[in-house]
Amino acid sequence: MVWTGTWVSDRLGIELAGDDELRGLLGLALRRNPKRAHLLVSGVLGKHVPQLPSVVHGHGVTLGRRVRALLGPEEAAPAVVLGYAETATALGHAVADGLETAPYLHSTRRPVASVPSAGGFEESHSHATSHLLLPEDPAFFDRGGEADRGPLVLVDDEFSTGNTVLNTLRDLHARHPRDHYVIVALVDMRAAGDAGRLAAFAEETGARVDVVAHARGTVRLPEDVLARGLRLVEEQDGRTADPLVPCAPAVAPVRLELGWPAGLPDGGRHGFTPDHRARLREALPAMAARIVDGLGGPEQTGRVLVLGFEELMYAPLVLARALEEAGLDVRFSTTTRSPVLAVDDPGYAIRTRLAFPAHDDPADGPGERYAYNVAGGGFDTVLAVVDSAADTPALHAPGGLLAQLATAAPRVALAVVPAHTPVPRTPDRQEPPVLPAPLRGPDFSSYEPDDVGWLLQDLSAVRLEAPVEEREEAVQRGGAHYAESLPVEYQPTEEYQELYRDALAGSAARIARAVGTVTELVLAERSPRPVLVSLARAGTPVGVLMRRWARHRHGTELPHYAVSIVRGRGIDANALRWLAAHHDPADVVFVDGWTGKGAITRELADALAGFPGFDPEIAVLADPGSCVRTYGTREDFLIPSACLNSTVSGLISRTVLRDDLVGPHDYHGAKFYRELSGSDVSRDFVAAVEDRFDEVADAVDQQVKEAASADRAPTWEGWAAVERISEEQGIHDVNLVKPGVGETTRVLLRRVPWKILARRGAGADLAHIRLLAEQRGVPVEERDDLPYTCVGLIHPRYTRGATGADGKAVGSA
C-alpha cells in the first residue's frame, strides 16, 4: 500500500523519522496556512480521515490506561484531563475514559458570557489560535484542594514543537501550580531542542513532567519548505478545481431524534465528570437504536459516515461506536476549520474536500469550514451530528454543509445534540460601582480620540512635580513610593530637539518595520481581533502605531486603551475590571515600547495572577533583553519616542498612585500637560512612522514568515548581562542598572545618573545620549563587550532603595 505522505515527501523533501508505526499513524498534506507548510494527517484521530470509531476511541483509551499505570491508583484518583480544541477534543475525552475516574475539560474557541475564563493560551501554528478554558466548576483545576492538587494530564493529537503545551503549562502553573504534569499525544514529534525547553520548564518550576505517546519521531524539513509549500499550493490551485459544489441546492435531510439525556453535557467544553460518563454509557444503546430505526433499519443504512462538528467530536464518536457495536458498517470523522489542499492521489492524505460556510455564528466572525475525504468515500449514508447552537439556517441553506454532503452521498441525516450552556452564577458579593469610560483627546491627551482611550483619572489640577534630586532624596528619607510624585518634565534645548528630529528621520522606516512585524504577529498568533492595551506611557505611542498599521494594512479598527502599571504595586485592577466588562480578556494584548532587563514583564505576570483570562505576555516594539515572544525586533536601537517625555506621548505624564488621590474604585491618575502643546510632537511622530508603512510592507512580510518558524522563546539574556555589569561596576544591585537605549535615556531624563556605558562605534543611535550626558556632566565609558547599545547606571548616593523592587527607600548611601 502506498504511504499517504509520499506525494508531499517527493515534492518537498519532508521526511518522517522514528518508530516503525509512524507511517501507519500519519500521512502528509499541505496546509493553506502561511505559518506552516505541512500537516501531519492522523489516520486514527477521526478528524480528516474517516476511521472505524472503535479504532479512534481505542487509541485514546489505551493512552489513558498507560497514564493510569504511570500514576498509580492514588495519584490517578485526583487527576484532571485537559484536551485541546478542536482536533483533540475526542482524543482527550477518550484518555479520560481510560483513566476512568478523571473529570475532563477541553479548551474552546466559543466564548460563553455566563462562564468566566479560567485561563487561555495560544496555538501559534494553528489557523485559529486562541483557546479559552471555561469550566462550569470554578474549582475544576483545584480538584483535591489547592494544597494537594492532583496531576494535570494535557492531551493533544501531536506533540510537535511543544509551544502550545508550554503556553498552557505556563498559564495554568501560574494560576494553579502543581507537582506533576503528564503530556499525552498520539505522536511525539519534538526535536531535541524542543524537548529541552520542556525540561527547562520542569527545572524552573520543580514540577515533574512526563510524556506518554503511541509513537515517537521527528519531521525533517528543508530550510525553504514554507516558501516551497506555499508555491506548491498555488500551483495545484491553478491546475485543479476543488471537489466542491458551492451552489448545491438546499436539501431536507432525514432528521433523527436521539433522546439525549436531559442535563447531560454534549462534551467537555465546560467539563465532563465521571458521573456524566456513567449516564452517557447507560443511554448510548437506546440512542443507537433510535438512529438505526430512523434510518430504516440495518438493511437500509449501507456504509455510514458519522460526521461530527469541529469541537463536537466525542458525542458523535461514541454514537458512531454504539452503531458499530450494533453491527453497522460505520466510519467516523468531523468537520474542521483548518484549510488544507486536497489532491486526488493515493500517496496524499487529503483526497477530497467539501467547503461550506460556518453555521454556528462563531465569535470570530463568518468563515469557510471543511469536510475532508467524505466525497469519494463510498458512503451510502452520512449522519451529521451537530449541537443545537450549530443547527441554524446556514446549516440548511444552499451551499451549506447539508447541501454539500448531499453531493457526496445518496442519503443525508441530521442529529442534534443539545448544546450545554452553564447557568449563570449569582454573585456572592456586591459589585463595585460602575467605572467611568476612558478619557480621550482632545479633553485628555493630544492624540486623536480614536487612537487611544486612557483608563486613568485626570489629576491635571494637582501639583505633583518636584526636581529630580529633591524628589528622590525625599523618597529615601520618608520611604515614599516613586509613583506618589512626578519628576519635573524635561524641557529639551533646541540642539536636543534637532537631534530628536534627525533621529526620527533616520529611524522612521526601521520603527515602521518593527511596528508592522509585531502587529502582524499579534494578529496571527494572539487574536484576530486583539484589544491593544498599552502600558502608559512608554507603550502608548507603540499602541497607537500598531492600531494605525492594522487599519492601514487590513482595514481593521482595533480598540486601544492605556493603563497604569506600577513597579511593586502591580497593574490598575479597576482598569482590568473595566476591560473585562467590555471585552473578552482573552483578546487583550498588553503593549509596551521595549524591554530592558524584563522587570515590567515580570511585574505584569505577577499582577495578572489574580485576574483569570488575561494573557500576561507583553507585545513590544523592541526586545533587546530577550524577555518576550512577541516583538518587532530584538535590536537595541534608538526609538525616538524614548528621547522625550510627555511631548511625544500625547502630553500625558507618568502615572500616579497615591492613597489620598486614588481611592479603591478609582483608576490610577495622570496629568495632561496642556501648557506644553507648543512643544508637542506626538502626532508628528506617529505620522512620520505611518508614512513609511507602504515602504516596509514587503520587509514586514518576510520578517513575519521568518518569525513563524523561529524559536522566539525568551532567554532572559538581558537579566544575566545586568547581573554581570552590576558586579563588575561594584554596584551589587541590579535595580540600579538600566540597559538599552530607551532605559538609558530615562536615566538621563528622570533619574540621577552615575555614568553611561556605551558600545564602541554605536554611532547615531547614541547622539542624544551623548548630548544629555554632556549637559548633566555624566561620563560616557566606551566598551567593546557590551551586549546592549548602551547601559545607564543610576547613582547609588540618591537612588539605592528608591529603585528597589518595591520602589521604596530602605537606607542611604
Side-chain angles (χ1 to χ4, degrees), residues 31-37 124-125 127 129 223-235 237 339 365 367 447-448 450-452 503-532 534 539-560 589 591-594 619-623 628-635 637-641 682-710 712 765:
R31 297 174 183 261
R32 297 175 184 270
N33 185 336
K35 304 175 195 175
R36 184 178 288 186
S124 59
H125 67 269
H127 180 71
T129 63
E223 290 186 4
D224 59 347
V225 67
L226 182 58
R228 289 172 58 200
L230 292 172
R231 287 197 300 269
L232 188 53
V233 170
E234 291 176 1
E235 291 171 7
D237 282 341
Y447 286 121
E448 294 182 7
D450 290 341
D451 271 338
V452 58
L504 179 58
S507 63
R510 185 159 52 166
I511 298 166
R513 189 163 62 249
V515 166
T517 299
V518 70
T519 308
E520 294 296 337
L521 288 175
V522 165
L523 292 170
E525 299 179 354
R526 303 287 289 275
S527 172
R529 53 189 191 292
V531 177
L532 304 179
S534 57
T540 305
V542 179
V544 171
L545 284 167
M546 290 175 67
R547 184 181 183 280
R548 295 286 186 96
W549 176 276
R551 182 175 65 188
H552 181 88
R553 191 82 189 275
H554 302 287
T556 302
E557 296 286 348
L558 299 182
H560 173 216
V589 177
V591 173
D592 208 356
W594 56 86
V620 299
L621 190 70
D623 180 34
V628 300
R629 292 172 180 77
T630 308
Y631 53 85
T633 180
R634 277 188 167 152
E635 293 180 79
F637 72 95
L638 170 61
I639 301 172
S641 59
S682 303
R683 292 195 183 192
D684 294 340
F685 171 73
V686 171
V689 177
E690 188 175 15
D691 284 346
R692 313 300 282 273
F693 282 173
D694 288 332
E695 173 188 331
V696 303
D698 291 342
V700 167
D701 290 343
Q702 183 60 36
Q703 283 189 219
V704 171
K705 287 180 181 179
E706 292 171 358
S709 58
R712 289 179 279 135
D765 276 345

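From a predicted model like this one, the values you see are computed outputs, not experimental measurements. Heads up: numbering here begins at 1 and tracks the sequence. Below, each value reflects all heavy atoms present in this structure, side chains not excepted, and no hydrogens, waters or symmetry copies.
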Shortest non-hydrogen contact from Arg692 to Ala509? NH2-CB, 3.8 Å
Going by an N to O cut-off under 4.0 Å, is there a salt bridge joining Asp451 and Arg683? no
Between Leu523 and Pro530, the two heavy atoms sitting closest are CD2-CD, 3.6 Å
What's the shortest heavy-atom distance between Ala508 and Ala688, and which atoms? CB-O, 3.9 Å
Where do Asp450 and Glu557 land on the side chain to side chain contact (heavy atoms under 4.5 Å, CB included) test, with the steps shown first? CA-CA 9 Å; Asp450 290 341; Glu557 296 286 348; 5.6 Å; no
Close side-chain approach of Arg712 to Glu525, heavy-atom, < 4.5 Å: yes
Of all residues at least two apart in sequence or in a different chain, which pass the ring pair (Phe, Tyr, Trp, His ring centres under 6.0 Å) check with Trp549? Phe693
Flag side-chain contact, heavy atom, 4.5 Å: Leu545 against Phe685: yes
Between Arg547 (side chain) and Leu558 (backbone), is there a donor-acceptor pair under 3.5 Å? yes
Scanning both residues in full, the closest heavy-atom pair of Val522 with Ala619 reads CG2-CB, 3.9 Å
Does the side chain to side chain contact (heavy atoms under 4.5 Å, CB included) test come out yes or no for Trp594 and Val620, once each step is laid out? CA-CA 5 Å; Trp594 56 86; Val620 299; 5.7 Å; no
Could you check whether any side-chain heavy atom of Glu520 comes within less than 4.5 Å of a side-chain heavy atom of Val700, counting everything from C-beta outward? yes
Go through the steps to decide whether Tyr447 and Thr540 satisfy the test side chain to side chain contact (heavy atoms under 4.5 Å, CB included), and finish with yes or no. CA-CA 10 Å; Tyr447 286 121; Thr540 305; 4.0 Å; yes
State which residues pass side-chain hydrogen bond (donor to acceptor under 3.5 Å, both in side chains) with Thr519; sequence neighbours excluded, sorted by chain then number. none
Enter the distance from Leu504:CG to Ile639:CD1 here, rounded to the nearest 0.5 Å. 12.0 Å
Under 6.0 Å from the CD atom of Glu223, do we count more than 12 heavy atoms belonging to anything else shown? no
Are side-chain heavy atoms of Pro559 and Leu532 found at a separation under 4.5 Å? no
Has Arg551 got a side-chain atom pairing as donor or acceptor with Met546's backbone, closer than 3.5 angstrom? no
So, His552 and Asp694: side-chain donor and acceptor under 3.5 Å apart, yes or no? yes
Going through the distances and angles, do Glu706 and Leu226 end up as a side chain to side chain contact (heavy atoms under 4.5 Å, CB included)? CA-CA 10 Å; Glu706 292 171 358; Leu226 182 58; over 6 Å; no
Tell me every residue that passes side-chain contact (heavy atoms from CB on, under 4.5 Å) with Arg231, counting only those two or more places apart in sequence or in another chain. Ala227, Arg228
Does the side chain of Arg32 reach to within under 4.5 Å of the side chain of Asp237, using non-hydrogen atoms? yes
What closest approach, in Å, do Ser534 and His560 show between heavy atoms, and which atom pair accounts for it? OG-NE2, 2.9 Å
List the steps and the verdict of salt bridge (charged side-chain N to carboxylate O under 4.0 Å, His left out) for Asp623 and Arg629. CA-CA 9 Å; Asp623 180 34; Arg629 292 172 180 77; over 6 Å; no
Is any side-chain heavy atom of Val518 closer than 4.5 Å to one of Gln703? no
May I ask you to test the Val704-Leu521 pair for a side-chain heavy-atom distance under 4.5 Å? yes
For Asp592 against Gly539, the heavy-atom pair lying closest together: OD1-N, 3.4 Å
Side chains of Thr633 and Leu621: does their closest heavy-atom pair fall under 4.5 Å? no
Any donor-acceptor pair under 3.5 Å linking the side chain of Arg513 with the backbone of Ala699? no
